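Just so it is clear, the structure is predicted and the values come from calculations on it, not from any experiment.
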Amino acid sequence: MREKVTLALLWSFGMAYALFSPASNVPDIPKFYGSDKVIHFGMFVGMAFLWNRVVRHNVNINRKNSTKLFTNYLVLWIFIAILTEYLQRLVPGRSFDYFDIITNIVGVIIGAGIFIYLNKRGSVLV
C-alpha cells in the first residue's frame, strides 16, 4: 500500500513541477502540433489512475458505496484539472488555454475508466 501512495505522490509532485514551473525552467519537448495536449493528457490519465488505486486500497467499501466514492473523486480530479489551468496564468511564461482544460478532463475520465476496467477484471495493476 505504501508503494501506491508514494507513486501517486511522486506523480502529483512531478505534475505540479511541470505545470507550475516558469516556461524557461521546463525542458524542451519535441514540438509537433498538439504536443502539449499529449503531455497534459498523459499527466492527468496517470494522476486519475494512480489516485484511484490509493483510494481503492485505503477504503473498505461495498460495491454500492464504491460508485459514489469514485464519482466524488472523479468530480474532485476534474476540479483539479480545471484549477491547474487557471493557476498557470499566474506563472511567468505560461498561459491559459481552454483546450488544455478539455484535454485535462478527458485525461481524468480516461484514467478513471482504465482503472475501473482493470479493477473489474482483477488486474494486478490495481
Side-chain angles (χ1 to χ4, degrees):
M1 179 57 209
R2 183 179 298 175
E3 301 84 25
K4 288 177 177 35
V5 173
T6 301
L7 184 57
L9 285 171
L10 287 172
W11 188 274
S12 297
F13 287 130
M15 275 182 61
Y17 178 79
L19 291 170
F20 301 120
S21 290
S24 59
N25 291 357
V26 177
D28 286 334
I29 57 169
K31 301 288 184 198
F32 58 88
Y33 182 74
S35 60
D36 67 320
K37 305 301 181 258
V38 171
I39 292 168
H40 277 260
F41 177 78
M43 285 192 297
F44 282 90
V45 165
M47 179 198 67
F49 179 80
L50 293 172
W51 281 108
N52 266 312
R53 291 173 65 212
V54 171
V55 170
R56 178 185 177 272
H57 289 282
N58 268 342
V59 181
N60 186 9
I61 52 177
N62 60 34
R63 188 167 179 83
K64 181 181 176 185
N65 290 337
S66 68
T67 302
K68 181 179 178 183
L69 178 69
F70 287 117
T71 302
N72 289 342
Y73 275 99
L74 184 63
V75 170
L76 172 67
W77 291 314
I78 288 172
F79 173 75
I80 291 169
I82 295 167
L83 180 65
T84 57
E85 195 60 31
Y86 277 98
L87 292 175
Q88 278 188 332
R89 296 182 335 181
L90 306 173
V91 179
R94 298 319 266 299
S95 61
F96 174 87
D97 185 355
Y98 283 109
F99 291 114
D100 282 347
I101 290 176
I102 293 168
T103 304
N104 296 350
I105 292 171
V106 170
V108 165
I109 292 168
I110 297 295
I114 291 169
F115 172 82
I116 291 167
Y117 175 81
L118 293 174
N119 188 42
K120 283 183 180 179
R121 276 141 189 82
S123 173
V124 296
L125 296 175
V126 298

Point to revise | Validation row: Trp51, Leu9 side chains within 4.5 angstrom (heavy atoms) | key: yes
(request) Give the C-alpha distance, both sets of side-chain angles, the deciding distance and a yes or no for side-chain contact (heavy atoms from CB on, under 4.5 Å) between Phe44 and Thr103. (result) CA-CA 9 Å; Phe44 282 90; Thr103 304; over 6 Å; no
Shortest non-hydrogen pair, Trp77 vs Met47, comes out as CD1-CE, 3.7 Å
Using side-chain contact (heavy atoms from CB on, under 4.5 Å), reason through Leu90 and Phe20 one step at a time and then give a plain yes or no. CA-CA 9 Å; Leu90 306 173; Phe20 301 120; over 6 Å; no
Evaluate the side-chain contact (heavy atoms from CB on, under 4.5 Å) criterion for residues Phe49 and Val108: first the C-alpha distance (whole Å), next the side-chain angles of each, then the deciding distance (0.1 Å), finally the verdict. CA-CA 8 Å; Phe49 179 80; Val108 165; over 6 Å; no
What one should report as the nearest heavy-atom pair of Pro22 and Arg94 is C-CD, 4.4 Å
Nearest heavy-atom approach of Ala112 to Ala48 is N-CB, 3.8 Å
**Request:** Check the pair His40, Leu19 against side-chain contact (heavy atoms from CB on, under 4.5 Å), reporting the backbone distance first and the verdict last.
**Result:** CA-CA 9 Å; His40 277 260; Leu19 291 170; 3.7 Å; yes
Rounded to the nearest 0.5 Å, the CE atom of Met15 sits from the CG atom of Asn104 at a distance of 7.0 Å
Around Phe96, counting heavy atoms of other residues, nucleotides and ligands shown, do more than 12 lie under 6.0 Å from its CZ?
yes
Practice prompt. Kindly work out whether a path of hydrophobic side-chain contacts (I/L/V/M/F/W/Y, heavy atoms less than 4.5 Å apart) joins Leu10 to Val45.
Written response: no
CH2 (Trp11) and OG1 (Thr6) are apart, to the nearest 0.5 Å, by 15.5 Å
Distance col, row Lys37:NZ vs Ile102:CD1, nearest 0.5 angstrom, shows 9.5 Å
**Prompt:** Are Val75 and Tyr86 connected, step by step, through hydrophobic side chains (Ile, Leu, Val, Met, Phe, Trp, Tyr) whose heavy atoms are closer than 4.5 Å?
**Reply:** no
One should read off an interatomic distance between Tyr73 OH and Ile78 CD1, to the nearest 0.5 angstrom, of 15.0 Å
Quiz item: Linking I/L/V/M/F/W/Y whenever their side-chain heavy atoms sit closer than 4.5 Å, directly or via other members, would Met43 and Phe79 fall into one cluster?
Solution: yes
Exam field: side chain Arg53 to backbone Phe115, donor-acceptor pair closer than 3.5 Å: no
Separation between CZ (Arg121) and CD1 (Ile116), nearest 0.5 Å, reads 11.5 Å
In this structure, CG of Asn52 is separated from CD1 of Ile114 (nearest 0.5 Å) by 11.0 Å
For Glu85 and Ser95 the tightest heavy-atom approach is OE2-O, 3.2 Å
